[in-house]
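These notes are about the structure you will find just below.
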Amino acid sequence: MADTINQATRKGFLVDTSRCIGCRSCQVACKQWNKLEADKTSNKGTFENPRDLTPALYNRIKFIEKETTGGISWLFFNERCMHCGDAGCMKVCPSPGALFRTKEGIVAFNKDKCISCKYCVSACPFNIPRYGTDDKVSKCNLCTDRISGGMTPACAKACPTETLKYGVRSTLIATAKAAKKTLYGESDLNGLGVVYALEGPPERYGLPEKPSIPMSIFIWKDVIKPLGILGFWGSIGAMLLHYVTIGPKKIEDEEGGGHE
Amino acid sequence: MGMSVSRRDFLKLSSSSLAAATLGYSLAPIEARAEDLPIRYAKETTTICPYCAVGCGMIVHTLGGEVINIEGDPDHPINEGALCPKGSSVYQLRDNKARLTTPKYRAAGATEWKDVSWEWTIEEIAKRVKKARDESFVATSKIKIKEKVGTVEVEKEIEAVVNRTMGMASVGSAALDSEECYLYQKFLRGLGLVYIEHQARICHSSTVPALAESFGRGAMTNHWIDIKNADVILIMGANPAENHPISFRWIMKARDAGAKVICVDPRFTRSASKADLYAPLRSGTDIAFLGGMIHYILQNKLYFEEYVQNYTNASYLVNGEFKMPGELAGLFSGYDVKKRSYDAKAWSFQKEGEDGIKKDATLQDPNSVFQLLKKHYSRYTPELVSRITGTPTDKLLEVYKLYASTGKPDKAGTELYAMGWTQHTVGTQNIRAMAIIQLLLGNIGIAGGGINAMRGEGNVQGSTDHGLLFHLLPGYLPVPSADITDLATYIQKIAPQTKDPQSANWKQNQGKYITSYLKAIYGAKATKENDFGYAWLPKLDPGMNCSWLMIFDAMIKNKFKGFFAWGQNPACSGTNSTKVRNALAKLEWMVTVNLFDNETASFWKGPGVNSAALKTEVFLLPAAASYEKEGSITNSGRWAQWRYKAVNPLGQSKPDAEIIHELYQKLKELYAKEGGALPEQLLNLTWNYGFKRADGTIKSVDVHAIAKEINGYFLEDVEEKPKPLKPGEKAAPAPPPGSPKKLLGKKGELTGGFAQLQADGSTSCGCWIYSQSYNEKGNMMARRGKKDPSGIGLFPEWAWAWPVNRRIIYNRASVDLNGKPYNLKKAVIHWNPTVVQPTGAVGAWTGDVPDGPWPPMSDAKEGKKPFIMQVDGLGSLFGKGLRDGPFPEHYEPMECPVPENFMSKQVTNPASKIFNDANVKEDVLASCDVRFPYVGTTYRVTEHWQSGVMTRNTPWLLELQPRQFCELSLELAKEKSISNGDMIEISSARGKIEAVAVVTPRIKPFKIGDRIVHEIGMPWCFGWHTPGVGDAANLLTPTAGDANTMIPETKAFMVGIARKG
Amino acid sequence: MSNYIERFSTSERVLHWIVTASFFTLLLSGLGLYSRLFTGYFTFFGGGQNAILVHKIGGVIFFFSSLYMYVNHKKDISTFDQDDKEWVSQQGGYLSRKAAHFNIGKYNPGQKLFALYIAAATAVLGISGVFIWMPLLFPRWIVQISLLSHGLMFVGSIMFVIVHVYLATIGNPGTIDAMLYGDVKKNWAKKHHPKWYKQTTGDNQ
């Protein structure tokens, strides 16, 4: 069930990983704007911290070190909700308005409407939604309050090197293509709201090559659900039909008395 | 959640679900849920980030008197709304349970703090300060001076007036606003202190003499935005991606325009990750690396010949006796082994005429600076350099080739450096080596060029400008030495003369600046008759050094009763921190001012300390945060920018200026009442900073009044003096009698620039280089004009830059002899010979404020050479004013991994001070010691700032970088059986710390000579006061200082490592 | 002589109705989770979060009671004999208006199949329910499979239950008596479960 999305006016991010210096201002600016608590962390032999998204961490930088022939590369990758055009989380969310698409095309959330079923956790192709002690969904919402107020999301505004660029998605893509960038997420899942210009294959960044909604979720929602509804009404209909056509199996009651 | 089901819900339920279920249409969850912008009705206050010296603009949103949001100022031309993680987190400096909100006191032997009142605290501190001053005041000192009797110099002893207080010292602070720095130095000098130091000593002190010796001024030559104009950016001795993240905005813009980025660093850093070319080098071998580049440039004739000939001292002839390290086993002529110092006379130029210098314009004379330079660096072959630095020769040559490509007239190469160069025993010469390269390539004065000393503290430029150093008064005027007994002699010394008509020799005006300074601090009390109060200025004995290392050396030797650590944390940031911590224990009392408790304030309960036995009394005063007060700070690019107050200080915290002010008022009261040692020194200070109560006290400090005092006033009507007549010129007709006099300024007006300052006491100016910053047109530092007519990012109407709003200094060197820009596309200034100025003169500069209004050099009469702060107007390839040689020469760090210097027999810097007092057990060095076989270095990380007092207390930042770690190579880890994430112990001859091992391919072992040398690195931003983060890396670093400025060598030392448990 | 014979004991009947009640509770509270088409059903519980709570409680009750019921009837439902085959081959006579007679024991194969399916579904729904209940504690793929199988088993269950309800009520008049009162008319028993009738009464008529 794809929700309506206007590809022409849709807003989004272009993340040009070749510009990222791993400063993580995006992480802090997000916390500052959204007033998210700091997480307790520990150093496990890497600069990367926290080492996963948390209920209080909507976006983070992955640090990827790789020895290459004749040198080393140190890549920085901004991990966050991709705001999929075909969003697994929205597909499975049973509570209307808990996960919703804004007029800008962003997948936003409303904690008041979240019923804590956590289906979105399973349905996300990128494993993004997190649940905290409030047992409500949390993830990047691209600062819906800011963008609806005409501002840039906090992370993109803070980004020192313009790695995170916010704007009309189609324009961002056109600009990046003109600069001969290799894009990720241009058309997958009806287009990701967060499109990446990568410096290597997606696997190097821990991204699925062809992102999709998990097959089991697809079967559940797109096959079983309609079939189930059909089966439900079909069964009822069949029984009614049986009753009228073939009829019940009456018992001949010689004594002519029922059990009152 | 209620269980009620309304009728409406029921209807909705039945109709929707039934309809949906039967018809199978979708309840589309698209829902426009317009969230209101929390800041919609907030008040906006602009401020500048308190962290590094990029000077990013911020907007503080307040609602009902409380901060609700702080983010980048999109109108600010440097950061354009962006911020680094530290900047993004400043909200938490206020929303913070750890912030100090009351004064605290620790009594002798106490084990806990006690909250105390401000009134009591100020009174108790004042009493102790007065007692310490009165007991340790030295009015006169016996010194030896040299006097000329006839033609012979004889030494004699005199009793000179020094009027200084020996029993107290102060460190701090670059964290103060400029007005506060000025006020603080005034207060301290009013108390007679000479032991005045701060962050500038330990971060960029070596920058100042290196750049001043080469070009005339000690500051970053260009500015942040200008980086975008570069064609090649050399990042060496710095890590801007991590320590000045917003600078990378401009590095990326340069890259977008096709520039190449080179990164040279022992580690593959976050800066290196974005470089086009990375080359590793062993810490402490930068001169070898750069010397090789000089050699490459000269050998391949890649220098900008016209520039070198016209704008440098390449043609000067050095005296025939002069010998260089190649001939003197690593030494220059004039070395005295006993004194460990040089006699710079051995480096003098050949004289021509009375005081002219003999030159060879062809640069062929073997004694010419150019030929000597060539000869000296001919020893720095790529092979030898590689043996020293560990950089593979192919990488060396790649870097040399790429960087030397900027030697073309229209190409610009910029160099970005910071502590990686400054904090070495050869720190000053590291920077000198680059200065030579930039002069050879013609990269000084141009857009996208320069040597950009990236300052680390928000206002360290301002605090340095305002003289919070033992040897400098505001505006880089030297602190007088006792042998200079009167103002006239002092002026003679600081205002050099030259007969070269083409040299502007701006320093000849310095007499006006010292007089105006004295008038600023002593006001009406400073008169011509009393030498403008020159005697009251505390003085040093000749050669006396009161710098950072000497303060703690004196402190540990029980020389001080009291100590101020104002906005600084030496127990963590001071090299050899054990010595610092042990020294603090020798104090009777300490006053420390900060936003947060820290290792210095709480040194009496540090690890291994027996609090009860420790007798130091400590006063810990809560300071207001940057956006809780008003004032200016000066960024690395010399932009003085105004910060407004967004909210009241948290709790009982106070702006530093208020604390200084209250201490001053209390001391003034005590001295007026009780008398004491030379009360005039303090009582004669001007202090008209606000509304006066009936009893003469001032309620609170008006920061604008201080800013105006710094800018300067006309104290009398000052007439415009006619220009001296040139030969053959006729005097202008005398104005008709009775016509008004043409005034430069009226009494009471603010001065409009330092050119208006007078030597006769008719003007005042607290810091001459800031004259014009707050003039009759208003507060220039608060300007927010966004115009950039140059197109090269000068933004002349945004804030204000010293000197006189000049954005790129030495810009007269960006044009040829006729004033035509070498690069027309990125012209900084341009001489237009046909424009008629309002004064009637023909010809004028357009573009940036030129380094002086005079025509270009081709005008034989009026034209001036480009480096106007140099006596000879030229850039110095040969720098005879430094203590360790006129050319940089490679020496090993004080602690080094190799027994020999491959360059010469002289292993370490021959002119640096050695700390080897047997009574100071903390001062030990260990070179080539099997226990400490690895090179250690320290650095900062993006997520923390300096010793970490602010950032460790910011939970959002601690989340990113939670504890002390140590980076080491895979090879070393394997050798020591260390796995990534293991806890390891790092030890040096002075101490040990624990850290988490970050085993990474980003560090590689070096091949030095024929051996493998491992290097490890760790950040110095952690300390024991924050639970669970580990202790200070500076527990490992040595007491060793640069020969010129005594900046500690914390970037190269020797360590051992071992896995814990 | 009574016209009735006992088919289910009181405890069996109580258990059945517990299972029934919990099943329909699960159905009502789960429909909203099954599809946004049924979001309105959340309203019965005062919102989705309460519906989930009810679903969890109902799930536990259903799981144990349904499994217990299976254990109780395990013997009667897990074996199929020759007569059962005959019943199957003629679809139990349900597709024809003609009267058909089969020598069926206590349960016919349809009932047995239904009981077995419900037992299996109970196990699958229960186990997958635990994963869906606490999805953050398990790998995502386990939860994903659980969501799929939970939905799949539910669909099967509801279809079976519709047939079951129909056949137990209007489809076979008199059948419901067994679950309501515990005893059924002898005629009913003779007609639908002759073998069982003979076994219980010893009446070979």
Side-chain angles (χ1 to χ4, degrees), chain A residues 1 3-4 18-19 21-29 31-33 37-47 49-50 57 65-67 71-76 90 93 96-103 108 110 144-146 148-149 151-152 154 157-162 226 229 232-233, chain B residues 21-22 24 26-38 40 69-72 74 79 81-85 87-89 91-92 241-242 245-246 248-249 252 268 270-274 278 941-943 955-963 965 980-982 996-1002:
Chain A
M1 183 179 67
D3 50 295
T4 51
S18 72
R19 301 184 79 86
I21 53 171
C23 79
R24 299 185 276 185
S25 190
C26 44
Q27 287 182 222
V28 179
K31 293 209 169 206
Q32 201 273 154
W33 176 260
E37 291 287 310
D39 289 303
K40 281 256 176 297
T41 57
S42 59
N43 188 319
K44 295 276 189 225
T46 166
F47 281 23
N49 244 325
L57 185 69
E65 272 175 20
K66 197 171 155 56
E67 268 190 282
I72 170 141
S73 73
W74 201 8
L75 305 176
F76 310 109
M90 286 177 60
C93 180
L99 288 160
F100 61 99
R101 196 170 293 280
T102 67
K103 61 181 190 301
N110 177 358
T144 41
D145 49 357
R146 289 175 70 97
S148 64
M151 297 174 75
T152 305
K157 186 183 175 201
C159 180
T161 56
E162 294 172 340
I229 291 169
F232 176 77
W233 290 111
Chain B
T22 45
S26 143
L27 281 179
I30 298 175
E31 189 174 323
R33 179 170 168 269
E35 283 182 67
D36 196 29
L37 200 57
R40 192 178 301 282
N69 180 53
I70 302 179
E71 60 184 67
N79 62 311
L83 290 174
C84 76
S88 292
S89 76
Y91 171 86
Q92 259 188 350
E242 304 199 35
I246 300 298
F248 236 85
R249 186 178 188 82
M252 292 309 282
F268 189 92
R270 281 180 255 192
S271 299
S273 80
K274 292 288 155 290
Y278 165 74
V941 288
T942 318
E943 301 81 6
W956 287 330
L957 296 174
L958 199 61
E959 167 188 323
L960 301 179
Q961 206 62 273
R963 67 153 295 129
F965 62 86
N980 193 29
D982 279 355
V996 169
V998 173
V999 179
T1000 171
R1002 295 181 292 98

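Only heavy atoms go into these numbers, but all of them, side chains included; no hydrogens, no water, no symmetry mates. Per chain, numbering begins at 1; letters A, B, ... match sequence-line order.
Closest heavy-atom contact between B:L958 and A:T41: O-OG1, 3.9 Å. Residue B:P38 comes nearest to A:W33 through the heavy atom pair CD-CZ2, 3.6 Å, listed as atom of the first residue, atom of the second, then distance. For the pair A:G45 and B:V998, the tightest heavy-atom approach, listed with the atom from each and the gap, is O-CG1, 3.6 Å.
The contact between B:S88 and chain A is made by backbone and side chain atoms together, counting heavy-atom distances below 4.5 Å. When heavy atoms are compared at a cutoff of 4.5 Å, B:A997 approaches chain A solely by way of its backbone atoms N, CA, C and O. Contact of A:C159 with chain B is made through the backbone alone, with heavy-atom distances under 4.5 Å. Only the side chain of B:L957 comes within contact range of chain A, judged by heavy atoms closer than 4.5 Å. Neither the backbone nor the side chain of B:S271 comes within contact range of chain A, judged by heavy atoms closer than 4.5 Å. Interface remark: A:F76 contributes side-chain atoms only to the contact with chain B (heavy atom separation under 4.5 Å).
Here OG of A:S148 is found 7.0 Å from CG of B:L37. Values are rounded to the nearest 0.5 Å. With rounding to the nearest 0.5 angstrom, the CD atom of B:Q961 is 6.5 Å from the CG atom of A:N43. Of the inter-residue distances, the one linking B:Y91 atom OH with A:K31 atom NZ reads 14.0 Å to the nearest 0.5 angstrom. Rounded to the nearest 0.5 Å, atoms OG1 (A:T152) and CD (B:E71) are 9.0 Å apart. Atom CD1 of B:I246 sits about 7.5 Å away from atom CD1 of A:I21, to the nearest 0.5 Å. In this structure, the separation between CD on A:Q27 and CD on B:E943 is 9.0 Å, given to the nearest 0.5 Å.
Top candidate by heavy-atom pairs under 4.5 Å with chain B, chosen from A:K157, A:K66, A:K44, is A:K157. For the set A:P160, A:A29, A:P226, the entry with the most heavy-atom pairs within less than 4.5 Å of chain B is A:P160. Ranked by heavy-atom pairs under 4.5 Å with chain A, the first of B:V941, B:L83, B:L960 is B:L960.
You'll find the side chain of B:T942 stays beyond 4.5 Å of the side chain of A:R24, heavy atoms only. By the 4.5 Å heavy-atom criterion applied to side chains, B:R270 and A:F47 are counted as neighbours. Side-chain contact check for A:L57 versus B:E959: some heavy-atom pair is nearer than 4.5 Å.
A donor-acceptor pair shorter than 3.5 Å can be found between the side chains of A:Q32 and B:N69.
With a 6.0 Å radius and a threshold of 12 heavy atoms from other residues, nucleotides or ligands, A:E65 has its CD atom above the threshold.
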